[in-house]
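Presented below is the structure to which this report refers.
Ligands are counted one by one from 1 in listed order, and the atoms in each one are counted from 1 as well. Both backbone and side-chain heavy atoms feed into the values below; hydrogens, waters and symmetry mates do not.
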Amino acid sequence: MILTLQPVGHVASSVLERLRVQLERFGDVRIADPKPVPKQAFRPLSKQYRAAAFEEVCHAAESDRVVAITDVELCDPDLGMKRVFGHAEMTGGWAVVSLSMFGGDGEERLVERAAKTAVHEIGHTLGLGHHDGNPECVMFFSENLADTDRKGRDFCPTCAQTANLTLSRLER
Ligand SMILES: [Zn+2]
Ligand SMILES: [Zn+2]
């Protein structure tokens with residue numbers, strides 16, 4: 001499939017390039033020109049951005065999936081506006097990943113956490129739900145950084161089966 005990484009706000013090009021390489025297993029991964037953070041997503045009280053509002057920056061010609069990569073903090077209305085690392089619209093074919101909490105331990109760790117989160121969110125767009133019975137599976141729901149650091153960057157065999165079914169339909 002064609003996957004577009006859409007930088008939103010300030011994202012280092014070195015991070016984007018390393019992330020692109022990590023996601024190449026999904027197909028042709030392209031990096032779009034940066035877009036500004038959608039203003040109407042801002043929640044003044046929490047100073048976070050509503051993840052669902054990133055839909056408007058997640059359009060790319062010819063792409064099967066678009067993943068926005070942003071430096072701002074995200075919250076999710078479906079989770080009572082709690083802070084989230086990422087968000088995906090299962091039917092919309094797009095997702096957003098926030099780097100805001102990932103950078104405390106250097107770029108290597110930041111890219112690793114971002115890659116796991118991106119694979120997780122892409123998994124949702126491929127039809128996968130959370131796999132909370134398997135803390136090693138990338139589809140385990142990360143409530144905090146420790147969850148993200150512990151889990152692997154791959155789908156478990158069960159999740160991979162479902163993901164590959166969707167991916168095979170997107171092959172061109
Ligand atoms: Zn999830
Ligand atoms: Zn799984």
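- At the Zn ion (ligand 2), the vertex angle linking SG of C156 with SG of C137 is 110° (nearest 10 degrees).
- Taking the six-membered ring where the residue is Trp, the centroids of H131 and F140 are separated by 6.0 Å or more.
- Vertex the Zn ion (ligand 2), arms ending at ND1 of H131 and SG of C159: the angle is 110° after rounding to 10 degrees.
- With the Zn ion (ligand 1) as vertex, H120 NE2 and H130 NE2 subtend 100°, rounded to 10°.
- Using a 4.0 Å cut-off between charged nitrogen and carboxylate oxygen, E136 and R150 do not count as a salt-bridge pair.
- The distance from the Zn ion (ligand 1) to the nearest N/O/S atom of H87 is not under 2.8 Å.
- Counting all heavy atoms, side chain and backbone alike, F85 lies closest to L74 at O-CD1, 4.4 Å.
- Taking the six-membered ring wherever Trp is involved, the centroid distance between the rings of H87 and H124 does not fall below 6.0 Å.
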